[in-house]
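Notes follow once the structure below has been shown.
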Amino acid sequence: MEREQLRILLDADTGIDDAVALVYLLSRPEVHLQAITCTGGNVDARQVAKNNLALLELCGRSDVEVALGAEQPLELKLRTTEETHGPQGLGYATLPAPARQLSERHAVEIWVDEVRAHPGEITGLVTGPLTNFALALREEPDLPLLLKGLVLMGGCFNYPGNTTPTAEWNVSVDPHAAKEVFAAYRGLPEEKLPVVCALETTERIELRPEHVRLLGEKAGSMPPEVMHPDQREGDRSSSDNPLVACLSDALRFYLEFHRRHGQGYVAHVHDAFAAAVAIGRAEFVAESATVEVETESPLLRGTTVADFGRHWDGKPNARIVMRNNPEQCFEELLGSIGAFARTLRLGATSDSRPPEQP
Ligand code: BDR
Ligand code: CA
């Protein structure tokens, strides 16, 4: 039976976990990646673009359009976080400079044009600050209705922030954009409301060294990917599989970052969970609520507040993921990326499509 194609338009600030999300999407045969648009966040937007192009080349997918987007947040000055994601955003992984050029279209043009050209067919996935999406909304206010759906990684609700005591990174980089986006979804039908993958559930997608070992096994990569906390910081993978080696080098940096911040030798792969949600392959339960974003107070800027108790009279503008299933999510991510990596080892072509997968 023909599998239904899922059109995904990805906006990312690639970033280690964005990279895992991207590779996971490439590994799914039913996913048609409409384009990737780049926003500044983890690293600046031009570096994000290089990372996306290089990852696509590594995966033999030079057919996917990559476009530059906003290089600065709507009102604030861009902050980046190389200490979290490494000097180029991919941890210890270094990929050859991409041969391919960026699209001539701007990110905003892509969002508006593609969604108008395929009304009701495209699911938007934003794994970075919402700058590009907010700019696209200014140009096409019907974007929420023209999209099939929207999945976001961002925010935290009744849960500590990872950037300030109360704010999550993506929202905190561009709180004004997040505010505009949530405002635009007020009063829309439930099925159109963005599914928000916030820290309280994405931090449960806690990658450990054994997950990297499993990835190597599933890819048939040699030697085994052994990672443990006592190894020297900055050790590199010697995998014979280029994709496994790249992800392993990237993730090792992310594990070390989390350990440095007192979270243990683990890495939260937030964006990979959001990607699995976007294509309907991650188990989760969501609850609708009205979300507001604080943009003014210096103390609370970037804080997201959800009115679960219906204290405000606003209509819900978001579906917030309340529960998820980390074990199922990792099985899905590692199984799918592993099977895909196995095909790359056998020789990538310039258009390497993923294998049939369950
Ligand atoms: C988010 O911030 C970024 O550092 C990650 O890529 C993720 O999208 C988590 O707060
Ligand atoms: Ca991200």
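Counting starts at 1 for both ligands and their atoms, following the listed order. Not measured: the values here are computed from a predicted model.
Restricting Asp271 to its N/O/S atoms, the shortest distance to the Ca ion (ligand 2) is reached by OD2. Shortest distance from the Ca ion (ligand 2) to Asp13 is reached at OD1 (N/O/S atoms only).
In terms of polar-atom proximity, defined here as any N/O pair under 3.5 Å, Asn162 does make such a contact with ligand 1. Not a single N or O atom of Tyr254, backbone or side chain, sits closer than 3.5 Å to an N or O atom of ligand 1.
Closest protein heavy atom to atom 1 (C) of ligand 1: Glu168 OE2, 3.3 Å. Taking atom 8 (O) of ligand 1 as the reference point, the nearest protein heavy-atom neighbour is Asp271 OD1, 2.7 Å. For atom 4 (O) of ligand 1, the closest non-hydrogen atom on the protein side is Asn42 OD1, 2.7 Å. When hydrogens are left out, the protein atom nearest atom 6 (O) of ligand 1 is Asp17 OD1, 2.5 Å; that is the closest non-hydrogen contact. Annotation: atom 2 (O) of ligand 1 to nearest protein heavy atom, Trp169 CD1, 3.2 Å.
Here the angle at the Ca ion (ligand 2) defined by OD2 in Asp18 and O in Thr127 stands at 80°, rounded to 10 degrees.
Shown are Arg105, Arg7, Lys148; of these, the salt bridge (charged side-chain N to carboxylate O under 4.0 Å, His left out) with Glu114 is made only by Arg105. Shown are Thr84, Leu199, Asp13; of these, the side chain to side chain contact (heavy atoms under 4.5 Å, CB included) with Trp169 is made only by Asp13.
Under a 4.0 Å criterion applied to the non-hydrogen atoms of Thr127, ligand 1 contributes the atoms 8 (O). Residue-ligand proximity, Asn170 to ligand 1, at heavy-atom distances under 4.0 Å covers atoms 1 (C), 2 (O), 7 (C), 8 (O). If you number the atoms of ligand 1 from 1 as listed, the ones under 4.0 Å from a heavy atom of Met153 come out as 1 (C), 7 (C), 8 (O), 9 (C).
Side-chain atoms of Thr127 and Asp18 form a donor-acceptor pair, as typed in the model, at a separation below 3.5 Å. In the model, Tyr159 has no side-chain atom that pairs as donor or acceptor with a side-chain atom of Glu168 under 3.5 Å. For the residue pair Ser288/Glu190, the side-chain donor-acceptor check at 3.5 Å is satisfied.
Of the heavy atoms in Thr84, none comes closer than 4.0 Å to ligand 1. With a 4.0 Å cut-off on non-hydrogen atoms, His268 does not touch ligand 1 at all.
Of the possible donor and acceptor atoms, none in the side chain of Glu225 sits under 3.5 Å from a partner among the backbone N and O of Arg213. Counting only distance, with no hydrogens or angles, the side chain of Glu109 and the backbone of His106 share a donor-acceptor pair below 3.5 Å. At distances below 3.5 Å, not a single donor-acceptor pair connects side-chain atoms of Arg236 with backbone N or O atoms of Ala93. Here the side chain of Glu200 pairs no donor or acceptor atom with the backbone of Asn158 at under 3.5 angstrom.
Note on Arg61 versus Asp63: salt bridge recorded, some NZ/NE/NH1/NH2 to OD/OE distance being below 4.0 Å.
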